[in-house]
Amino acid sequence: MITRYALFEGSVKAGKTDAFRAFVNANLIPLWTKFDGAAEVRVMFSDERDEGAPEYPLILAISYPDLASMDRALQCDARFQSKDMTAKLVDQYFDGRIHHHVTQAQSFVL
């Protein structure tokens with residue numbers, strides 16, 4: 001399983017946390033769940049962190065069965081629509097940068 005993370009490193013604009021999360025829920029999750037070949041979409045909003053740790057108010061994880069599926073998703077219409085919508089999110093609610101990491105995921109059910 002391949003997981004591509006989008007790490008939103010920075011901060012939500014003062015007093016806009018609820019609006020930031022509502023925007024993601026209403027506008028971005030519906031697009032992310034339409035990415036071609038995606039097997040799982042996880043959206044994580046940060047509530048707390050260790051002292052001195054960088055701030056990540058949002059982490060997106062989309063898993064794919066293989067790299068070919070991920071590559072197909074990165075070229076689909078929903079992904080390009082989500083890039084435009086993410087630009088609106090950043091403009092209205094977020095100060096920081098977004099970076100991506102591709103991982104080979106392992107899961108251990110306990």
Are Met44 and Leu89 connected in the hydrophobic side-chain network, where two residues link if heavy atoms are under 4.5 Å apart?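 No, separate clusters.
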In one Ile/Leu/Val/Met/Phe/Trp/Tyr side-chain cluster, 4.5 Å: Met85, Leu7: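 The answer is no; the residues belong to distinct hydrophobic clusters.
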Are more than 12 heavy atoms, taken from residues, nucleotides or ligands other than Asp18, located less than 6.0 Å from that residue's CG atom?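 Open.
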Has Lys13 got more than 12 heavy atoms of other residues, nucleotides or ligands less than 6.0 Å from its NZ?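 Enclosed.
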Is there a side-chain contact between [X] and [Y], using heavy atoms and a 4.5 Å cut-off?
| X | Y | result |
| --- | --- | --- |
| Met70 | Phe35 | no |
| Tyr5 | Arg42 | yes |
| Ile2 | Gln104 | yes |
| Phe23 | Lys88 | yes |
| Ile98 | Glu9 | no |
| Pro57 | Phe45 | no |
| Glu40 | Tyr64 | no |

Can you spot which of Asp91, Leu60, Leu28, Asn27 makes a side chain to side chain contact (heavy atoms under 4.5 Å, CB included) with Thr86?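 With Thr86 as partner, Asp91, Leu60, Leu28, Asn27 yield a single side chain to side chain contact (heavy atoms under 4.5 Å, CB included), made by Leu28.
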Single hit among Val102, Leu67, Thr103 for side chain to side chain contact (heavy atoms under 4.5 Å, CB included) with Arg4: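 Single side chain to side chain contact (heavy atoms under 4.5 Å, CB included) partner of Arg4 among Val102, Leu67, Thr103: Val102.
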Would you say the side-chain atoms of Asp66 pair up with the backbone N or O of Ser69, donor to acceptor, closer than 3.5 Å?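 It does hold such a pair.
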Test salt bridge (charged side-chain N to carboxylate O under 4.0 Å, His left out) on Asp47 and Arg21 and set out the steps. CA-CA 12 Å; Asp47 287 331; Arg21 292 178 179 192; 3.2 Å; yes
Atom pair CG/NZ of Leu31 and Lys83 - distance to nearest 0.5 Å: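 The NZ atom of Lys83 is 13.5 Å from CG of Leu31, to the nearest 0.5 Å.
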Enter the distance from Ser46:OG to Ile59:CD1 here, rounded to the nearest 0.5 Å.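 Between Ser46 OG and Ile59 CD1, I get 7.0 Å after rounding to 0.5 Å.
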How close do [X] and [Y] get, counting heavy atoms only, and between which atoms?
| X | Y | result |
| --- | --- | --- |
| Met1 | Pro65 | SD-N, 4.1 Å |
| Ser11 | Glu55 | CB-OE1, 3.6 Å |
| Val24 | Trp32 | CG1-CZ3, 3.9 Å |
| Pro30 | Asn25 | CD-O, 3.5 Å |

Looking at Asp71 and Arg79, is any side-chain nitrogen of the basic one under 4.0 Å from a carboxylate oxygen of the acidic one?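 Salt bridge flag = no for Asp71 with Arg79.
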Phe20 vs Tyr93 aromatic rings, parallel, tilted or perpendicular, using cut-offs 30° and 60°?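 Aromatic pair Phe20/Tyr93 classed perpendicular.
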How about Phe8 and Tyr56: are their ring centroids closer than 6.0 Å?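 Centroid distance Phe8-Tyr56: not below 6.0 Å, so no.
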